[in-house]
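Before any comments, here is the structure.
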There are 2 protein chains.
Amino acid sequence: MPLEKSRPSSSSTKKRVRDAEATKLRILEAAKKEFAKNGLEGARVDAIALDANANKRMLYHYFKSKDGLFRTVLEREYLNIRAEETKLDLENLPPRTALETLVRFTWEYYIANPEFITLVNSENLCKAAHIKNSPTLKTISQKFVRRIQSLLDRGVRENVFREGIDAAQLNITIASINYYYFTNRFTGSVIFERDFTAPEALKERITFNIETICRLVCKN
Amino acid sequence: MPLEKSRPSSSSTKKRVRDAEATKLRILEAAKKEFAKNGLEGARVDAIALDANANKRMLYHYFKSKDGLFRTVLEREYLNIRAEETKLDLENLPPRTALETLVRFTWEYYIANPEFITLVNSENLCKAAHIKNSPTLKTISQKFVRRIQSLLDRGVRENVFREGIDAAQLNITIASINYYYFTNRFTGSVIFERDFTAPEALKERITFNIETICRLVCKN
DNA sequence: CGCCTAATGCACCGTATAGTTACTTACACA
DNA sequence: TGTGTAAGTAACTATACGGTGCATTAGGCG
């Protein structure tokens with residue numbers, strides 16, 4: 001029985017054989033995986049195209065070059081983590097709770113998005129060549145730092161945080177203690193002879209990290 | 001007229017054209033630089049041979065493969081940082097001074113040996129494949145952790161450190177807050193819009209780091 | 001329907017790369 | 001002083017890589 005095969009007039013649910021946006025997205029997802037797994041130099045464009053179920057030609061059509069693709073992937077990742085962070089709604093939590101929430105969020109984000117760390121490492125290996133001139137990134141970063149600064153200010157006003165802590169330094173420290181544990185989990189597991197990714201190890205670490213930050217920021 | 005062409009009988013001061021150990025060392029030094037600059041995948045064996053002023057064949061003769069060379073470089077780097085650390089003689093310093101000395105040493109070691117961080121990052125990208133079965137590394141790491149544990153114990157006995165802090169967690173945290181700042185100094189400089197390597201920035205950071213660790217470990 | 005543009009596919013290129021083959025040369029030791 | 005062995009060299013290979021030229025096709029629009 002003849003179902004309508006392709007009615008261009010029909011609604012948005014119809015299957016498109018040619019769909020630029022979908023193809024772009026598939027390439028970006030595949031690229032994220034491949035870049036994260038093998039680094040910028042180690043990643044293979046053929047592998048990306050294959051995994052994206054797209055032709056390599058499309059990759060160059062949409063993103064110009066391997067570096068162009070990497071830049072796009074990386075910028076999307078930064079946008080994503082900041083967007084998630086904004087959802088935490090820290091400004092409506094008591095300062096100490098907000099601080100703890102931020103630490104825990106960072107930790108859980110790295111667990112849920114292991115690619116992020118490796119992508120950032122790759123970008124630092126090439127001295128931030130791809131994001132150096134990204135106005136988007138600078139804008140969202142400024143907002144982010146200001147958000148933390150206002151949390152610190154509020155904590156001081158409410159007499160629960162110590163005075164004089166710099167928001168940038170605090171941000172760096174929170175990222176540090178979470179990031180390092182994950183990025184170095186392989187050498188770490190060898191050196192400390194324990195499985196860094198075992199559930200109990202993870203639990204122990206996040207507890208320690210929250211303690212570290214609270215002792216640094218809170219009074220008493 | 002045949003003049004004496006070469007008198008091999010002369011004493012130890014004679015210049016040696018062939019010197020296996022020296023060649024090996026030159027290759028290792030060149031490899032360290034190249035691997036650190038471009039990562040394991042990005043490093044070029046031709047570039048290493050050229051910089052070492054050695055023939056590429058020698059590289060394969062002494063180290064079997066690119067990975068074999070990387071393994072050797074990395075193991076030497078771990079041995080070096082632990083050797084330097086041992087020289088600190090922490091056990092003969094008051095606990096709090098010892099702790100501060102350790103934090104400051106870590107910081108300064110990363111500044112003086114920027115290659116170390118990049119090499120470790122590369123090793124983690126390939127899931128510690130090169131060091132996974134290194135007994136040497138495990139031995140020196142155990143000693144290292146024990147040294148910190150005994151410092152913690154001594155501090156508790158002298159009533160200057162809090163009880164119940166795990167040496168491994170503390171080590172990880174000390175490494176974290178120093179390591180992260182350097183490995184991410186390029187993206188960091190973009191995001192926080194400040195030069196991470198400026199002298200004042202460095203000074204501010206190490207001060208902050210010492211404070212972080214002291215607040216974590218020390219009583220009041 | 002038929003046209004035009006954008007999406008897609010295929011086959012190819014030049015080069016750079018890790019690794020090797022086959023050779024020469026210095027020197028320690030008898 | 002002669003010789004075996006290890007140090008050193010140069011030219012080469014096979015292939016994998018990032019990137020491209022050009023033909024083909026789908027589908028929105030008039």
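All values derive from a computational prediction rather than experimental measurement. Below, chain A is the first sequence line, B the second, and so on; all start at residue 1. The analysis underlying the following values was restricted to heavy atoms, covering all of them including side chains, and did not include hydrogens, waters or symmetry mates.
Residues of residues 24-34 of chain A having a heavy atom closer than 4.0 Å to DNA chain C: none are found. Contacts between residues 37-48 of chain A and DNA chain D, defined by a heavy-atom separation under 4.0 Å, are made by A43(A), R44(A), V45(A), D46(A). At a non-hydrogen distance threshold of 4.0 Å, K56(A), R57(A), Y60(A) from residues 56-64 of chain A come into contact with DNA chain D.
For residues 35-64 of chain B, the set of pairs meeting the ring pair (Phe, Tyr, Trp, His ring centres under 6.0 Å) definition, not counting sequence neighbours, comprises F35(B)-F70(B). Applying the side chain to side chain donor-acceptor pair (under 3.5 Å) definition to pairs two or more places apart or across chains, those involving residues 101-114 of chain B are N80(B)-Y109(B). Residue pairs meeting the ring pair (Phe, Tyr, Trp, His ring centres under 6.0 Å) criterion with at least one partner in residues 186-207 of chain B, sequence neighbours excluded, are Y181(B)-F196(B).
Listed by chain and residue number, N121(B) satisfy the side chain to side chain donor-acceptor pair (under 3.5 Å) test with T183(B) (two or more places apart in sequence, or in another chain). Scored by the side chain to side chain donor-acceptor pair (under 3.5 Å) test, Q169(A) finds E204(B), R205(B) as partners (sequence neighbours excluded). In terms of the side chain to side chain contact (heavy atoms under 4.5 Å, CB included) criterion, residue partners of E200(A) (sequence neighbours excluded) are, by chain and number, A198(A). Residues passing the side chain to side chain donor-acceptor pair (under 3.5 Å) test with S189(B), sequence neighbours excluded: none. Take K66(A) and apply the side chain to side chain donor-acceptor pair (under 3.5 Å) test, not counting sequence neighbours, and it matches no residue.
Of the side-chain N and O atoms in T23(A), one or more sit less than 4.0 angstrom from OP1 or OP2 of dT8(C).
Residues E34(A) and K37(A) are not paired through a salt bridge, judged by the lack of any N-O separation under 4.0 Å between the basic side chain and the carboxylate.
Y179(A) places a side-chain N or O within 3.5 Å of a backbone atom of I117(A) that can act as its donor or acceptor partner.
One atom, CZ of F70(A), and another, P of dG18(D), lie 14 Å apart when rounded to the nearest Å. Atom CD in E21(B) sits about 14 Å away from atom P in dA6(D), given to the nearest Å. K66(B) has its NZ atom 8 Å from the C1' atom of dT17(C), to the nearest Å. Following rounding to the nearest Å, N55(A) (CG) and dC10(C) (P) show an atom-to-atom distance of 7 Å.
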Under 3.5 Å, which donor-acceptor pairs link side chains of residues 25-32 of chain B to any protein atom two or more places apart or in another chain?
| from | atom 1 | to | atom 2 | distance (Å) |
| --- | --- | --- | --- | --- |
| R26(B) | NE | A52(B) | O | 2.8 |
| R26(B) | NH2 | N53(B) | O | 3.3 |

